[in-house]
Amino acid sequence: MISSLPSTSTFQLPTSTPPPTKTLTLITSYSISHQFTCKKPIKNTSFKIQSSPSSHMIEKETAETHRPDTFLRDSDGGPSTEAGSIRARFEKMIREAQDSVCAAIEAADGGAKFKEDVWSRPGGGGGISRVLQDGAVWEKAGVNVSVVYGVMPPEAYRAANPANAAENGNFKPEPVPFFAAGVSSVLHPKNPFAPTLHFNYRYFETDARKDAPGAPRSWWFGGGTDLTPAYIFEEDVKHFHTVQKNACDKFDPSFYPRFKKWCDDYFYIKHRNERRGLGGIFFDDLNDYDQEMLLSFATECANSVVDAYIPIIERRKDTPFTDKHKAWQQLRRGRYVEFNLVYDRGTTFGLKTGGRIESILVSLPLTARWEYDHQPEEGSEEWKLLDACINPKEWV
């Protein structure tokens, strides 16, 4: 249920590198939104989006006792094409992805089941949060979907549309309605030789402002899948990246190298000078291709999650390990916590804006560890993992 608000007025995707410096806001299964700044050669700039304590971008949720057929408003559910609207088809895709991933996770565990919470909002929208924790295989596994309606405050609109603000001088735009839908998941296994997985796929639209009737609607896709092991098994990492590449290559051969680098850049822990894990793919603001093609691409990526990940879990979930191995896993989990609470756009903004706290923090592991000035021995298996996080590699 991750979705990003617009970061620029054009939403152009470069051919080989992540977008230039800009600020995005993000809606996630464990968050609402946040700003971030990406580096651009020579010059860095950023926009900061502030919201007053009294402003609310989205309404508070209400617990539900059953899953509705759709979280869409009635006006969104009707077919705009023979196959239905993009909003309706994307919601169908993310709910099917949630079901298939949850079924695979439960099967791999062999006994534990997901706890499910269903919620809605008075003005439309809602979500399904599923969490499995302290099972035989999984320490904690969360798989969430959401369909959200909200309003971008004027500050967010000005940051997203600087050209419009410049042209109109003192013009103060009205809030901009938005729609966001997505599926998001973080899976933390118990065995230190089994890697953590994160994935999310999202779709976002902004409606015309009330003060600009007839203005064009903006839309884009975002998402990604990334792997975070404590120990490197090259066959596992190559398998994972090969599945990502195969999914990308079905649509554009430039996607995998571009989105792989974007992933390495995004999951960078600046204060540690290292990446969170061994990457995968990541993209955002993607709208310079045909909308139907991008819907198919996001669907292919979401449907590839089980094939990319579960074979690795089956190989590693019963591998014998020592207390030393477990302690290293816990230290790497500490890095995971640091990234999510310090840098992740959605988590940090969600904490500041009063979002659903259980969904915001579902990405965090049950346990983590910090040791003062811990340094793995050079040449050790732990050192090899750290080296790969500092110096990203090409795995396929």
Main chain of [Y], side chain of [X]: is a donor-acceptor contact present, judged purely on distance under 3.5 Å?
X	Y	answer
Tyr149	Arg73	yes
Ser380	Glu377	yes
Glu139	Thr367	yes
Lys190	Gly135	yes
Ser146	Ala181	no
Arg332	Ala230	no
Lys140	Leu364	yes

Compute the ring centroids of [X] and [Y], then answer whether they are less than 6.0 Å apart.
X	Y	result
Tyr266	Phe339	yes
Phe251	Tyr289	no
Tyr343	His271	yes
Tyr336	His188	yes

Tell me whether the guanidinium CZ or amine NZ of Arg315 lies under 6.0 angstrom from the six-membered ring centre of Phe233 and within 45° of its axis. no
Please verify the inter-ring angle class for Tyr256 with His241; under 30° counts as parallel, over 60° as perpendicular, anything in between as tilted. perpendicular
Evaluate the ring planes of Phe267 and His198, with Trp represented by its six-membered ring, and classify them as parallel (under 30°), tilted (30 to 60°) or perpendicular (over 60°).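 Perpendicular.
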Evaluate the side-chain contact (heavy atoms from CB on, under 4.5 Å) criterion for residues Gln133 and Lys115: first the C-alpha distance (whole Å), next the side-chain angles of each, then the deciding distance (0.1 Å), finally the verdict. CA-CA 9 Å; Gln133 60 186 31; Lys115 168 182 169 56; over 6 Å; no
Salt bridge check: are [X] and [Y] linked by an N-O gap of less than 4.0 Å?
X	Y	result
Glu116	Arg130	yes
Lys245	Glu394	no
Lys384	Glu234	no

Answer yes or no: are there more than 12 heavy-atom neighbours, outside [X] itself, under 6.0 Å from its atom [atom1]?
X	atom1	value
Lys326	NZ	yes
Asp290	CG	yes
Asp69	CG	no

Quick check: do [X] and [Y] have side-chain heavy atoms less than 4.5 Å from each other?
X	Y	result
Leu294	Phe283	no
Phe179	Phe90	no
Thr347	Ile360	yes
Pro311	His239	yes
Ile128	Val143	no
Val306	Val101	yes
Val148	Phe71	no
Glu106	Lys113	yes

Shortest non-hydrogen contact between [X] and [Y], atoms and distance:
X	Y	result
Gly279	Asp264	CA-OD1, 3.9 Å
Asp109	Ala136	OD1-N, 3.0 Å
Lys393	Ala388	CE-CB, 4.3 Å
Ser129	Trp119	OG-NE1, 3.6 Å
Leu331	Glu371	CD2-N, 3.7 Å
Pro392	Lys260	CB-NZ, 4.4 Å

Between [atom1] on residue [X] and [atom2] on residue [Y], distance to nearest 0.5 Å:
X	Y	atom1	atom2	answer
Phe221	Asn287	CZ	CG	9.5 Å
Arg87	Leu72	CZ	CG	8.0 Å
Asn191	Trp138	CG	CH2	11.0 Å
Ser100	Arg95	OG	CZ	13.5 Å
Cys389	Asn273	SG	CG	11.5 Å
Leu197	Asp226	CG	CG	7.0 Å

Show, in sequence, the C-alpha distance, side-chain angles and deciding distance for Thr196 and Arg333, and conclude whether the side-chain contact (heavy atoms from CB on, under 4.5 Å) test is met. CA-CA 9 Å; Thr196 287; Arg333 292 274 170 84; 3.7 Å; yes
Among side-chain atoms of [X] and [Y], is any donor-acceptor pair under 3.5 angstrom?
X	Y	answer
Glu274	Tyr268	no
Thr322	His325	yes
Thr225	Tyr201	yes
Asp344	Asn340	no

Walk me through it: do Lys324 and Glu381 pass the test salt bridge (Lys or Arg N to Asp or Glu O under 4.0 Å)? CA-CA 12 Å; Lys324 177 185 175 182; Glu381 294 303 312; over 6 Å; no
Under the criterion side-chain contact (heavy atoms from CB on, under 4.5 Å), I'd like the reasoning laid out for Ile105 against Ile310: C-alpha separation, chi angles, the key distance, then a yes or no. CA-CA 8 Å; Ile105 294 304; Ile310 295 302; 4.1 Å; yes
Hydrophobic cluster membership, with links at side-chain heavy-atom distances under 4.5 Å among I/L/V/M/F/W/Y: are [X] and [Y] in one?
X	Y	value
Phe193	Phe240	no
Leu278	Trp262	no
Ile232	Leu227	no
Ile313	Leu385	no
Leu187	Tyr231	no

Cys301/Ile281 under side-chain contact (heavy atoms from CB on, under 4.5 Å): CA gap, chis, key distance, verdict: CA-CA 10 Å; Cys301 291; Ile281 59 172; 4.0 Å; yes
